[in-house]
Amino acid sequence: MRIVILGSSGGNLYNLGGKNPSKLLHELKLQATSAQMEIVATQFIAAQDSMDKAKPTTKASLWTVDKGQSFIESDVQTLEEINKKVETVDKEIADQIRNGKIDGMIIMSGDPKGANKHALAAAAETKIPIVGTGGTSMALVSSQGGNVIATSGTTGTTNRTRAVSFVTSLSKHFGVSYQPILGNSTNSAHSTKGLGIKNINIRGIMMSALPGFIALALVLAFSKIPGLGILSDVFTVLIGALPVVIAVIAAKQISELDEVSIVAGVIAGVLSVDSGIIGGMIGGIIAGLLVRFLFQLFVGWKFPMTTVNIAAGGFAGLISGLLIYYLIGPLALTLGDLIKQAIEVTVAFNPILAGIIAGVLIWPAILGGVYHAAILPIVLLEMEKTGNSFLGAVDMVGLVMVAAGINLANIISPRDKGEAAVAAPGFAINMGFGTFVESAYPFMFSSKWIFAGALVSAGIGGALVGMFDVRGTAYVPTFTAPLLANNAIGFIIAMVVPFLTAFMITLVVNKLSKSKSTTTNEDMSKSA
């Protein structure tokens, strides 16, 4: 099926995606491709202001499409000049329609009496199906004899939801198979179809929510400063907001419907506040799956696009939120409490041993992918109530500080000059941002002694965390980390010791390696 796209960036449409014509048009192309439809012609006027306020002197450009279905933007001119230019394009599209080269039309905020009059007249004559948005313009199209099979306002819609609605209506009219493609609209390889179950990724949700937990830790630290005790109330509010943050992220990642999924996630999250972050995550996951299902269902029922968005987002959020509030929430809260209690009991039994085990195992955990899948969620569960964490402290001392020590040693005394250049940015990020422990991988993988030194250093750091009963966090600048801990002095000691240990071990290994290499070269020279 061959379709044409007509219209402009519009008035209300301008604020709902029309001011980004490239994204709008590529979203339409993505959905059309899924239904085996070709965009063979385009005449889209993109103004640099809303058409409700546009003047003849307003800057604008004309978007067309070439034979390879690639969109092309003209030079930017005044709207008056662009309107003169489009008359030729309008007549060419009209000829294509009359010659049977176009099977359907998408029109958004069109101009039936001006820029699109010839193409729309041809469409009325040939009765090709027309879908679109723009209340006034679509009413005129219909009154002029256009075969309008679906129309809607733009309020509450997005580029994606409009595109899905348009292509759904056209595919049903033509009797072709179509599954909406959601996800990364700029790359179909990363887009997904169906209900989005494959998008459920606890690791991705937790990583995306991390800034919220760091904000919680920062507020806790500031609240301890004399005169800023009032921030303790902010800390309490933020704790209650964490399930909402988790729910919104989960709903958005799973449904991939932008604003619609955000609304659903907020509703589900608000009703999950008393259920902790596990309840918020479950609520967000259910909301994401539901909003995607309901959106496709309502589009299939030919609801107006505005109604589709409102109903899908509202119902999905409400249904999932009520399920958490009345049924799942108490179980989720109990599960979260059990996990935290298990950690507390383990640490209380023998804090030094618990720290050693956590420190030694944290490197294999991150190398094996277990850290982000299991340890990080537990860290966030701990932080949910107190703003800091036992495992979070082990993360900082066992991963970040050890990586920093290894990198610094390779800056000061590398085995070859190239390693210093690799280590320098890693060290800066370790110290400045409390992350990027992967920067130490090249040195650990190239020497079993450095790898062993990392494990020993991390074990020592973990032991000190247990000894001083430290609760802290990583992902913050190292010089600020002690301020976020429950025991600043203890945390400083627990950070400095493994840093120096890893540094010294790596330094010695590098020097021995250089010495051995020098001796070998001398022996080879003598034998030669």
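Atoms considered below: every heavy atom in the structure, side chains included; atoms not considered: hydrogens, waters and symmetry mates. Because the structure is predicted, anything quoted here is derived from the model rather than measured.
Across all non-hydrogen atoms, the minimal contact from Ser223 to Leu231 is CB-CB, 3.8 Å. Pairing each heavy atom of Val248 with each of Gly265, the nearest pair is CG2-C, 3.7 Å. The two atoms that bring Glu384 and Leu242 nearest to each other are CA-CD1, 4.2 Å, heavy atoms only. For the pair Gly18 and Asn159, the tightest heavy-atom approach, listed with the atom from each and the gap, is N-OD1, 4.5 Å. The heavy-atom pair separating Ile278 from Ala332 by the smallest distance is CG2-CB, 3.7 Å. Residue Ala209 comes nearest to Ile246 through the heavy atom pair CB-CD1, 3.4 Å, listed as atom of the first residue, atom of the second, then distance.
Asn410 contributes no side-chain N or O that, together with a main-chain N or O of Glu419, makes up a donor-acceptor pair within less than 3.5 Å. At distances below 3.5 Å, at least one donor-acceptor pair connects side-chain atoms of Ser232 with backbone N or O atoms of Gly229. Checked by atom type and distance alone, the side chain of Ser447 never pairs as donor or acceptor with a backbone atom of Phe443 at under 3.5 Å. Side chain of Thr478 to main chain of Met431: a donor-acceptor pair is present (N/O by atom type, distance under 3.5 Å, no hydrogens or angles). With hydrogens and angles disregarded, a donor-acceptor distance shorter than 3.5 Å links the side chain of Trp363 to the backbone of Gly398. Remark: side-chain polar atoms of Asp395 are not paired, donor with acceptor, to backbone N or O of Ala474 under 3.5 angstrom. In this structure a side-chain-to-backbone donor-acceptor pair under 3.5 Å is present from Thr480 to Pro477. With Ser255 contributing its side chain and Val291 its backbone, the two residues share no donor-acceptor pair below 3.5 Å. A donor-acceptor contact shorter than 3.5 Å is absent between the side chain of Ser165 and the backbone of Thr161. Looking only at distances, a side-chain donor or acceptor of Thr168 sits under 3.5 Å from a matching main-chain atom of Val164.
For the pair Met495/Pro482, a side-chain contact is recorded, criterion being any heavy-atom separation below 4.5 Å from C-beta on. Using a 4.5 Å cut-off on side-chain heavy atoms (C-beta onward), Val470 and Phe390 make no contact. Counting only heavy atoms from C-beta outward, the side chains of Phe427 and Ile406 never approach each other to under 4.5 Å. Between Asn407 and Asn430 the shortest side-chain heavy-atom distance falls below 4.5 Å. Between Asp416 and Pro414, every side-chain heavy-atom pair lies at or beyond the 4.5 Å cut-off. At a threshold of 4.5 Å between non-hydrogen side-chain atoms, the residues Val397 and Val497 do not count as touching. Residues Met467 and Ile493 form no side-chain contact, since every pair of their non-hydrogen atoms from C-beta on lies 4.5 Å or further apart. Side-chain contact between Ser446 and Arg415: present, with at least one pair of heavy atoms (C-beta onward) separated by less than 4.5 Å.
Taking CG of Leu257 as the reference point, atom CD1 of Ile262 lies at 10.5 Å (rounded to 0.5 Å). Met504 contributes atom CE, which lies 11.0 Å from atom CG of Leu408 (distance to the nearest 0.5 angstrom).
Atom CD1 of Ile72 sits in a crowded spot, with more than 12 heavy atoms from other residues, nucleotides or ligands closer than 6.0 Å. Within a 6.0 Å radius of CG in Leu333, other residues, nucleotides and ligands contribute more than 12 heavy atoms. In this structure, Tyr371 places its OH atom where more than 12 heavy-atom neighbours from other residues, nucleotides or ligands lie under 6.0 Å away. Within 6.0 Å of OH in Tyr441 there are more than 12 heavy atoms belonging to other residues, nucleotides or ligands. For CD1 of Ile230, the number of neighbouring non-hydrogen atoms (other residues, nucleotides, ligands) closer than 6.0 Å is 12 at most.
Ring planes of Phe445 and Phe451: parallel class, angle under 30° (limits at 30 and 60°).
Inspection of the Ser208 and Gln253 side chains reveals an N or O donor paired with an N or O acceptor under 3.5 Å. The closest side-chain donor-acceptor pair between Ser389 and Arg471, if any, does not fall under 3.5 angstrom. For the 3.5 Å distance criterion, the side chains of Gln31 and Tyr178 qualify, holding a donor opposite an acceptor.
With Ile450 as the fixed residue, the side-chain contact (heavy atoms from CB on, under 4.5 Å) test singles out one of Ile505, Val508, Asn510: Asn510.
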**Prompt:** Which is it for Arg160 and Glu256 under the salt bridge (charged side-chain N to carboxylate O under 4.0 Å, His left out) test, yes or no, and what are the steps along the way?
**Reply:** CA-CA 10 Å; Arg160 179 166 302 162; Glu256 302 171 308; over 6 Å; no

**Asked** After noting the C-alpha distance and the side-chain angles of Ile39 and Phe71, does the key distance pass the side chain to side chain contact (heavy atoms under 4.5 Å, CB included) rule?
**Response** CA-CA 10 Å; Ile39 298 174; Phe71 295 108; 4.0 Å; yes

**Request:** In sequence, state the C-alpha distance, the side-chain angles, and the governing distance for Leu376 and Arg203, and then conclude on side chain to side chain contact (heavy atoms under 4.5 Å, CB included).
**Result:** CA-CA 8 Å; Leu376 182 61; Arg203 169 182 171 178; over 6 Å; no

**Item:** Verdict with reasoning, Gln48 to Ser61, per side chain to side chain contact (heavy atoms under 4.5 Å, CB included)
**Value:** CA-CA 9 Å; Gln48 294 184 2; Ser61 59; over 6 Å; no

**Asked** Do Val234 and Phe222 pass the side chain to side chain contact (heavy atoms under 4.5 Å, CB included) test, and can you show the C-alpha distance, the side-chain angles, and the key distance before you say yes or no?
**Response** CA-CA 11 Å; Val234 177; Phe222 288 134; over 6 Å; no

